[in-house]
Amino acid sequence: MSGKGISNGNPKKDPRGQDREEIRQIQILMIFCLFLSSEDKLHQLLQMALAVNGDKTFRKIEPSEDVSIDGLFNWLSNMFSQGELTEEEKKLLTWQNDGSNMVLAISEIRALQDKFGFKLTVEKNS
C-alpha cells in the first residue's frame with residue numbers, strides 16, 4: 001500500500017513507524033497549551049506540573065482500571081494519598097483544591113473546547 005501516513009498496510013502507522021493516534025494526542029496537547037494565555041489559571045497549573053520531577057510518584061502508580069469520572073477521581077485520590085508527596089506535588093494539590101482556581105481553569109478549558117469543536121477525553125487502553 002502506498003499513501004501518506006500508511007506503512008506496511010497499517011493505517012495507524014506513518015512511514016517512520018510512529019503511531020498516528022499518539023502523534024495526534026501530542027499535537028492536541030500542544031495546541032491546547034499553545035492557546036493558553038500566560039495569565040490563565042490553567043497555564044499556571046500546567047507550568048507548575050511540568051516543573052515537578054514526578055519520578056518518585058510515577059513509580060508508585062498503578063494503571064487505572066476504571067476511566068469513568070468517578071473511577072478517575074478515585075485513581076487520582078489514591079495516587080496522591082499514598083503519602084511521601086514532594087513539596088511541589090503538595091502545591092499542585094493545594095492549587096487544585098482552591099475552588100477559585102478550578103472555576104477559572106474550567107472556564108478556560110471550556111473556551112478552548114468551544115473554539116476547537118472537541119474536548120480532551122480519557123479512554124481505556126485496549
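Just so you know, these numbers come straight off a predicted model, no measurement behind them.
Side chain to side chain, Arg110 and Gln113 fail the donor-acceptor criterion of an N or O pair below 3.5 Å. Remark: the Ser68 side chain and the Asp66 side chain contain an N/O donor-acceptor pair separated by less than 3.5 Å. In the model, Glu62 has no side-chain atom that pairs as donor or acceptor with a side-chain atom of Trp75 under 3.5 Å.
Across all their heavy atoms, Gln44 and Trp95 have their closest contact at OE1-NE1, 3.0 Å. Scanning all heavy atoms of the two residues, the minimum distance from Glu108 to Leu42 falls at OE1-N, 2.7 Å.
The OG atom of Ser107 sits 13.0 Å away from the NZ atom of Lys41 when rounded to the nearest 0.5 Å. A distance of 11.0 Å separates CD1 in Ile109 from CG in Asp40, rounded to the nearest 0.5 Å. Distance NZ/Lys91 to CG/Leu45: 13.5 Å, rounded to 0.5 Å. With rounding to the nearest 0.5 angstrom, the CG atom of Leu50 is 8.0 Å from the CD atom of Gln47.
Linking ILVMFWY side-chain heavy atoms closer than 4.5 Å, directly or via other members, places Met102 and Leu93 in two distinct hydrophobic clusters. Residues Ile106 and Phe32 fall into different hydrophobic clusters, defined by Ile, Leu, Val, Met, Phe, Trp and Tyr side chains chained together at heavy-atom separations under 4.5 Å. Hydrophobic clustering, with ILVMFWY side chains joined whenever heavy atoms are under 4.5 angstrom apart, keeps Met48 apart from Leu85. Two different hydrophobic clusters hold Ile61 and Val52 under the rule that ILVMFWY side chains link at heavy-atom gaps under 4.5 Å. Cluster membership check: Phe35 shares its hydrophobic cluster with Leu46, using side-chain heavy-atom separations under 4.5 Å among Ile, Leu, Val, Met, Phe, Trp and Tyr.
Heavy-atom neighbours of Phe116 CZ from other residues, nucleotides or ligands within 6.0 Å: above the threshold of 12. Heavy-atom neighbours of Lys124 NZ from other residues, nucleotides or ligands within 6.0 Å: above the threshold of 12. Environment of CD in Glu22: crowded, with over 12 heavy atoms of neighbouring residues, nucleotides or ligands closer than 6.0 Å. Within 6.0 Å of CZ in Phe118 there are more than 12 heavy atoms belonging to other residues, nucleotides or ligands. Environment of CG in Leu34: crowded, with over 12 heavy atoms of neighbouring residues, nucleotides or ligands closer than 6.0 Å.
At least one side-chain heavy atom of Thr57 sits under 4.5 Å from a side-chain heavy atom of Met79.
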